[in-house]
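In listed order, ligands and their atoms are each counted from 1.
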Amino acid sequence: MAQALGVSRASICNAAKSMAASHLSIDRVRGRGYRLNRPFEWLDRDAVMALTGKAGRFDIEIRDSVDSTNSALLRENGPHGKVLAAEMQTMGRGRMGRSWLSEPGGSLTFSLAWKFDRGAGFLSGLSLAVGIALARAMASCGIAGIRLKWPNDALYQFQKVAGILIEVKGDMLGPTLAVIGIGINFRLSGALRENIDQAVTGIDAIPGESPGRNRLLAAILAELSGILETFEEKGFDAFRNEWNDLHACHMKQAKLKLPSGKTEEGRVVGVSEKGEILIESSRGRLAFASGEVSLRGIS
Ligand code: ATP
Ligand code: BTN
């Protein structure tokens, strides 16, 4: 390996050590070299571009490692249409300061920067519309049974398989730069699962053939292309029925955790034209925007 790469044996040895530190499991055979214990398909810009059919709308970049693809696009102000995917995130983020955990090759983590002429208020239902892009893309790749959980998760049999984090930058009245971050599990090691405090799964554990990360990324971008256009024109209302049909918690009893620390209990009866969750409670029908509200205790 040292010869082929034109580096010293010590460099190869150090690289192998840092791979182990990144949770990459490698086999070593004395005198012969190293290989990944479970080989995976690397992210490949050209493959994704060729597969999307919408290549012109997106500028795709793949980085080996970044703190968070959302943080990077926010720092770099997009630009509009930029897609940043990373083999590894060292500080992947979820909502409200929570962490998104992943290991190299085990997940698809990427963000898309998209400029909207309108202000941040208009974008309140965007994470729900992006959820539809995820569900449609997964279905088009043969992954059946994906449902959505308000406001930003994709589930398979009530286990979280993907999450969406949208962060916006700009004036309240617009224009706004939205950074749309998506994390999708393909395979989860035992060590990773132990650090996640909820039921989780990955695409490789769902029956059927795994589409591979490049194909799924291309399919999501193709769906997002149309969905973002419609969203800009018509807002979330255009997706409301489809979203309600995909909601894993539709008509179920649930608790809503509010920013005040209080909870509100009731039956989930759908989402509004703005993407708020609608709950039928003892106090009547109530609507909550995603803000810092969490849906819990589904039964
Ligand atoms: P909410 O209903 O408020 O959105 P949530 O638990 O889905 O609740 P998020 O902020 O959306 O919270 O996502 C972050 C959470 O996702 C983490 O606290 C952790 O429980 C979970 N998590 C972290 N990494 C992964 C992963 N790779 N796969 C699935 N879930 C993960
Ligand atoms: C959630 O469930 O709260 C959302 C998780 C979003 C994770 C993705 S991974 C790519 C992008 N970069 C981040 O730091 N977060 C999002």
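For the ligand labelled ligand 1, residue Gly163 lies outside the 4.0 Å heavy-atom shell. Heavy-atom distances between Arg296 and ligand 1 reach below 4.0 Å in at least one pair. Remark: distances from the non-hydrogen atoms of Arg98 to ligand 2 are all 4.0 Å or more.
Between Phe231 and Phe239, the ring planes lie parallel to each other; the angle is under 30°, not in the 30° to 60° tilted range.
Less than 4.0 angstrom separates some heavy atom of Gly163 from each of these atoms of ligand 2: 2 (O), 4 (C), 5 (C), 6 (C). Numbered from 1 in the order shown, with element, the atoms of ligand 2 that lie under 4.0 Å from a heavy atom of Ile182 read 8 (C), 9 (S), 10 (C). Near Asp153, the atoms of ligand 1 lying under 4.0 angstrom from a non-hydrogen atom of the residue are 7 (O), 11 (O). Atom numbering of ligand 2 starts at 1 in the shown order; those under 4.0 Å from a heavy atom of Gly92 are 14 (O). The ligand atoms of ligand 1 that sit less than 4.0 angstrom from a heavy atom of Asn185 are 26 (C), 27 (N), 28 (N), 29 (C). Those atoms of ligand 2 that come under 4.0 Å of a heavy atom in Arg93, given as number and element, are 5 (C), 6 (C), 7 (C), 13 (C), 14 (O), 15 (N), 16 (C). Against a heavy-atom cut-off of under 4.0 Å, Lys149 is close to the following atoms of ligand 1: 2 (O). Listed by number with element, the atoms of ligand 2 under 4.0 angstrom from any heavy atom of Arg95 are 3 (O). Ligand-side atoms of ligand 2 in range of Phe110: 10 (C), range being under 4.0 angstrom from any heavy atom. Using a 4.0 Å cut-off to heavy atoms of Gln198, the atoms of ligand 1 that qualify are 5 (P), 6 (O), 7 (O), 15 (C), 16 (O), 19 (C), 20 (O), 21 (C).
Of all the heavy atoms of Asn152, the ones lying under 4.0 Å from any atom of ligand 1 belong exclusively to the side chain. Only backbone heavy atoms of Ser99 (N, CA, C or O) come within less than 4.0 Å of ligand 1; its side chain stays farther off. Residue-level proximity to ligand 1 for Arg98 is carried by the side chain, the only part with a heavy atom below 4.0 angstrom.
In this structure, the protein non-hydrogen atom closest to atom 29 (C) of ligand 1 is Val200 CG1, 3.2 Å. For atom 22 (N) of ligand 1, the closest non-hydrogen atom on the protein side is Ile196 CG2, 3.6 Å. Among all non-hydrogen protein atoms, the one lying nearest atom 12 (N) of ligand 2 is Gln89 OE1, 2.9 Å. Distance from atom 11 (C) of ligand 2 to its nearest protein heavy atom, with residue and atom name: Thr69 OG1, 3.3 Å. Of the protein's non-hydrogen atoms, Asp197 OD1, 2.4 Å is the one closest to atom 20 (O) of ligand 1. In this structure, the protein non-hydrogen atom closest to atom 2 (O) of ligand 2 is Lys160 NZ, 2.8 Å. Nearest protein heavy-atom neighbour of atom 1 (C) of ligand 2: Asn152 ND2, 3.4 Å. Residue, atom and distance of the protein heavy atom nearest to atom 16 (O) of ligand 1 are Lys160 NZ, 3.1 Å.
The shortest N or O to N or O distance between Ser294 and ligand 1 is under 3.5 Å. Between Leu101 and ligand 1, at least one N/O pair is under 3.5 Å apart. Not one N or O of Trp100 is nearer than 3.5 Å to an N or O of ligand 2, by distance alone.
Note on Glu242 versus Arg240: no salt bridge recorded, every NZ/NE/NH1/NH2 to OD/OE distance being 4.0 Å or above. Salt-bridge check for Arg296 with Glu265: failed, with every basic side-chain N at 4.0 Å or more from each acidic carboxylate O. For the pair Arg267 and Glu280, the salt-bridge criterion is not met [side-chain N within less than 4.0 Å of a carboxylate O].
Listed for the Asp64 side chain is no donor-acceptor partner under 3.5 Å among the backbone atoms of Met88.
When ring centroids are compared, His247 and Trp150 stay outside the 6.0 Å threshold.
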